[in-house]
Amino acid sequence: MSLAELKAFLAKVQDDAALREAVKAAATADDVAQIGAGLGYEFSGDELLRISGQKVGRVTVTKQDIPGEYN
């Protein structure tokens with residue numbers, strides 16, 4: 001796990017309003033990791049989920065529980 005990469009990405013998120021909105025709009029933790037990868041940060045969605053509930057700088061990582069559709 002690259003906690004340093006993840007923390008650096010979250011620091012960028014707290015200072016960049018457009019990036020913050022992109023992260024908020026992401027459907028999954030893997031989508032957030034892909035956003036980070038596009039900016040040169042290497043971490044996985046699983047790594048992001050592991051720090052759920054923790055505060056990094058001014059960013060609090062929160063897992064969103066969105067129920068799936070059941071037929």
Side-chain angles (χ1 to χ4, degrees):
M1 172 170 132
S2 180
L3 186 57
E5 291 275 324
L6 182 51
K7 286 182 177 184
F9 174 72
L10 294 174
K12 183 165 182 72
V13 168
Q14 73 186 11
D15 294 329
D16 185 328
L19 179 57
R20 190 169 42 252
E21 290 306 313
V23 168
K24 286 180 181 179
T28 67
D30 286 336
D31 291 343
V32 174
Q34 287 179 339
I35 292 168
L39 297 171
Y41 299 94
E42 294 185 30
F43 60 91
S44 71
D46 286 339
E47 292 166 337
L48 180 59
L49 290 173
R50 283 189 212 130
I51 66 165
S52 181
Q54 296 181 28
K55 188 168 186 172
V56 179
R58 297 185 317 250
V59 175
T60 300
V61 178
T62 305
K63 178 183 174 193
Q64 299 296 318
D65 289 322
I66 301 172
E69 294 182 10
Y70 298 101
N71 296 324

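Residue numbers count from 1 along this sequence.
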Task: Flag if over 12 foreign heavy atoms under 6.0 Å of CD, Gln54 - done: yes

Task: Spacing of Asp30 atom CG and Asp46 atom CG [to the nearest 0.5 Å] - done: 6.5 Å

Task: Shortest non-hydrogen separation from Ser44 to Ala33 and the atoms involved - done: C-CB, 3.8 Å

TODO: To the nearest 0.5 Å, tell me how far Asp15 CG sits from Arg20 CZ.
DONE: 8.0 Å

- [ ] Please round to the nearest 0.5 Å and tell me the distance separating atom CZ of Phe9 and atom CD1 of Ile35.
- [x] 6.0 Å

TODO: Could you grab the distance from atom CG of Leu39 to atom CD of Glu5, nearest 0.5 Å is fine?
DONE: 11.5 Å

Open item on the list: For a quick test of reading the model, state the closest non-hydrogen atom pair linking Gln14 to Arg58 and the distance between them.
Closed with: OE1-N, 2.7 Å

Open item on the list: With rounding to the nearest 0.5 angstrom, report the NZ to CG distance, Lys12 to Leu10.
Closed with: 12.5 Å

TODO: To the nearest 0.5 Å, tell me how far Gln34 CD sits from Thr28 OG1.
DONE: 7.0 Å

Open item on the list: For a quick test of reading the model, state the closest non-hydrogen atom pair linking Ala29 to Leu49 and the distance between them.
Closed with: CB-CG, 3.7 Å

Open item on the list: Within the 4.5 Å heavy-atom criterion, are Glu47 and Ile51 side-chain neighbours or not?
Closed with: no

